[in-house]
Amino acid sequence: MTDLWGDLLSCLDLDARPGTVFEGRNQQLGYHRIFGGQLLAQSVRAAQLACPGKAVKSLHVQFARAGRPQEPVRYEVTRHHEGGSFATLTVVARQTQGVVAVAAVSLHSHEEGPDQQIAFPMPAVPGAEHDVDLSLLPWDTRAIVDVDSPKSEPPEYDLWMRTPAVAPELAPALTAYASDLSLIGTALRPLEGVTQHDSGTAFSSAVTTHTVWFHRPFTTEDWLLAPAEPAARPRPLLRPGRRTHRAGVSGRLLRAGGFVALPYGRVAATRARAALSASQCRRRR
């Protein structure tokens, strides 16, 4: 845990370059492409560094191509507007091969005012017997159900998470990073005999867009609940006889009391290596 945690924090420590340009190293994951969560987190950090004193309120990322893990990523920030309260930026993640991702980012200075929100039901944190090992998340995670069960189950997944002590300004980047991990696995749960571990064999997938909204300040050192579900019901991830489809999955991050710290969502293109049967694609409602 310590090595992966330290590696992630090192990736979030971007180096300033001339102009509003920052450079970030890549995680040492032994994977053939850069994990999308790293690009999300580093885009958040680039926006924060370009506009100190303002908090990131929304991040909408378009992924152009797979990033190469052997080459650092340059984050080129363009300020389209920066006033006393709001700022609008574009962050372009670039390598020598070209643009890897483009992020539209909105920032806002803190302002006092009424805080009103409907609280969602907040179940108790599961006990330690429900600890799960999500290899890319170097912190405490718990879940009641197995996201990788081969059985056909409803496309829902509740993940609890808690990080080690960390600087509060890193909370948005860390949660943006985590929001990229379990959504495809959640979308695959209705497919009998198919899990996210079958990526590259039964199917391939590529995230096209990812959006995160940051509603209110929060810390990651306390338990947070991240429930995920399909962005549109009851459309299946893959249909009988079809090999290409788009999957939309959304989630929320709830802090103590059931208040939303941030909602997020993504769209991914999925391609089955062979046409799936009707029994594999049956829906659970």
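In this text the structure is predicted, and so the values were computed from the model without any measurement.
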From the options Asp15, Val92, Val21, select the one residue that forms a side chain to side chain contact (heavy atoms under 4.5 Å, CB included) with Arg74. Val21
Looking at Leu253, Thr219, Leu159, which hits side chain to side chain contact (heavy atoms under 4.5 Å, CB included) with Leu224? Leu253
Under 4.5 Å between any side-chain heavy atoms of [X] and [Y], yes or no?
X	Y	answer
Val132	Val147	no
Arg94	Val99	yes
Val207	Val61	no
Glu229	Thr186	no

Trp139 vs Trp5 aromatic rings, parallel, tilted or perpendicular, using cut-offs 30° and 60°? perpendicular
Atom of [X], atom of [Y] and distance for their closest heavy-atom approach:
X	Y	result
Gly67	Gln97	CA-NE2, 4.0 Å
Gly53	Ser109	O-OG, 4.0 Å
Ala46	Phe22	O-CE1, 3.8 Å
Asn26	Gln38	OD1-NE2, 2.7 Å

Salt bridge between Asp222 and Arg255, side-chain N to carboxylate O under 4.0 Å? no
Salt-bridge test for Asp13 and Arg45: reply yes if a basic N is under 4.0 Å from a carboxylate O, no otherwise. no
Where at least one partner belongs to residues 74-101, residue pairs that pass ring-ring contact (aromatic ring centres under 6.0 Å, His included), sequence neighbours excluded: Phe86-His108
I'd like to know if Leu49 and Val212 are part of one continuous hydrophobic network [Ile/Leu/Val/Met/Phe/Trp/Tyr, side-chain heavy atoms within less than 4.5 Å]. yes
Set of residues satisfying ring-ring contact (aromatic ring centres under 6.0 Å, His included) with respect to Tyr177, sequence neighbours excluded: Phe35
On the six-membered ring of Phe120, is Arg252 placed so that its NZ or CZ lies under 6.0 angstrom from the centre and within 45° of the ring axis? yes
